[in-house]
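Below is one structure, written out as structure tokens; the observations come after it.
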Amino acid sequence: MSYYRGSLPGANRTAVTEFILLGLVETPGLRPVVFVLFFFAYLVTIGGNLSILAAILVEPKLHTPMYFFLGNLSVLDVGCITVTVPSMLSRLLSHKHTVLYGACLTQLFFFHLLAGVDCFLLTAMAYDRFLAICRPLTYSTCMSQTVQRILVAVSWACAFTNALTHTVAISTLNFCGPNVINHFYSDLPQLFQLSCSSTQLNELLLFGLGILMAGAPVILIVTSYVHVAAAVLRIRSAEGRKKAFSTCGSHLTVVGIFYGTGVFSYMRLGSVEPSDKDKGIGILNTVVSPMLNPLIYSLRNPDVQGALWKVLTGKRALS
């Protein structure tokens, strides 16, 4: 099998035509087990997130800004796992580990697009909680349907710009072998390690855009929740405090998982060899987090539970 293009002088700087993804396991006997586990996780994630989306659409109680953003987050979770898992499952079935150079960049683009939108949506949800709890009198004005749509549109525009920038930047690097990626999907850290060009500028770009795409949202989220915590602690009713903290607690759990795995993945670019830890973090980021989000948001939320019951059974939940 050939991994190189015939090159003309100065024509195309990229010599590698395909990469080899080693996947999660190299032992043939374990591949059926991995396939079943990840196929099940994929079905659960798709079913859970689409159920949340359906519940939000059919239940008038959930036609609020917070659930508008949650519905968008469910769509992103479906997209995020679909970008990575089905291709991995097809390679397990076909026993073919190669991925074309163009397909690798396409996966990279869509992964960073969806992850980028996720960053900004989580920030919008924190801002929504801040307005609802700290500015209740102006909440309906400050978080109107127009504002919600603008926040979502800006999130997609910024994430698109970020993903396109990284994809174009990685396409300028030379890949002339080796072409083996010790992972189950293509991402920037793994491609940096395979390039035979200097990746210093690419790593600086990743760090700089990472500050804008992740650092700024984290600061805004923390600032919002500092104000929210101060406001909630001033509530005299124990029931009121419990209700306020329950809606915020779900969001903070999702934020912690999302940003925790992201920081671990992209802030250790100096490591020479990719390890099984990188695969574990990749599983948390692309599989476990999207699968858990519906559970996290519905576990302590009677409104979502009631709407899900209605969607799944066609009946109203018992009060």
Side-chain angles (χ1 to χ4, degrees), residues 64-74 76-77 80 112-163 165 205-238 240-267 284-285 289-290 292-293 296-297 299-301:
T64 63
M66 181 176 72
Y67 293 108
F68 172 75
F69 293 128
L70 179 57
N72 279 272
L73 193 65
S74 293
L76 288 174
D77 285 338
C80 187
H112 281 269
L113 172 65
L114 296 169
V117 180
D118 225 331
C119 284
F120 291 113
L121 268 186
L122 290 173
T123 309
M125 292 172 78
Y127 179 60
D128 172 73
R129 292 299 81 207
F130 165 75
L131 290 176
I133 294 172
C134 301
R135 303 286 188 272
L137 297 179
T138 59
Y139 176 65
S140 58
T141 304
C142 294
M143 194 53 75
S144 63
Q145 286 190 354
T146 302
V147 173
Q148 295 168 44
R149 290 166 184 163
I150 289 173
L151 287 172
V152 171
V154 170
S155 298
W156 278 96
C158 293
F160 177 84
T161 303
N162 175 67
T165 301
L205 185 65
L206 178 59
F207 181 79
L209 288 178
I211 296 297
L212 294 176
M213 296 291 296
V218 164
I219 291 171
L220 292 173
I221 290 170
V222 170
T223 303
S224 295
Y225 275 110
V226 166
H227 287 88
V228 165
V232 169
L233 291 174
R234 289 197 295 267
I235 298 175
R236 294 183 179 181
S237 163
R241 285 198 300 270
K242 182 180 177 182
K243 184 177 180 181
F245 274 128
S246 67
T247 59
C248 298
S250 301
H251 180 247
L252 282 173
T253 302
V254 173
V255 168
I257 294 172
F258 179 79
Y259 280 103
T261 55
V263 167
F264 191 90
S265 296
Y266 297 110
M267 293 303 156
L284 283 174
N285 211 11
S289 181
L292 288 182
N293 284 353
I296 292 170
Y297 279 109
L299 194 61
R300 297 174 62 186
N301 192 317

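This structure is a prediction, so every number in the text was calculated from the model and none was measured. We number each residue from 1, following the sequence as shown.
Leu284 CG to Phe258 CZ: the interatomic distance, rounded to the nearest 0.5 Å, is 13.0 Å. The OG atom of Ser155 lies 8.5 Å from the CG atom of Asn72; values are rounded to the nearest 0.5 Å.
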Check step by step if side-chain contact (heavy atoms from CB on, under 4.5 Å) holds for Asp118 and Asp77.
CA-CA 9 Å; Asp118 225 331; Asp77 285 338; 4.1 Å; yes
Derivation of the side-chain contact (heavy atoms from CB on, under 4.5 Å) call for Met125 and Leu73:
CA-CA 10 Å; Met125 292 172 78; Leu73 193 65; 4.2 Å; yes
Between Phe120 and Val152, does the side-chain contact (heavy atoms from CB on, under 4.5 Å) criterion hold? Intermediate values first, please.
CA-CA 8 Å; Phe120 291 113; Val152 171; over 6 Å; no
Dump the intermediate steps for side-chain contact (heavy atoms from CB on, under 4.5 Å) on Asn293 and Leu70, then the final yes or no.
CA-CA 10 Å; Asn293 284 353; Leu70 179 57; over 6 Å; no
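With a 6.0 Å radius and a threshold of 12 heavy atoms from other residues, nucleotides or ligands, Phe160 has its CZ atom at or below the threshold.
Side-chain atoms of His112 do not come within 3.5 Å of backbone N or O of Ala159 as any donor-acceptor pair. Checking side-chain atoms of Ser289 against main-chain N and O of Asn285 turns up no donor-acceptor pair under 3.5 Å.
Side chains of Phe68 and Asp128 form no contact here, defined as non-hydrogen atoms less than 4.5 Å apart. A 4.5 Å side-chain heavy-atom check between Tyr259 and Pro217 finds at least one atom pair inside the cut-off. Using a 4.5 Å heavy-atom cutoff, the side chains of Met143 and Tyr127 are in contact.
Tyr67 pairs by the ring-ring contact (aromatic ring centres under 6.0 Å, His included) definition with nothing, not counting sequence neighbours.
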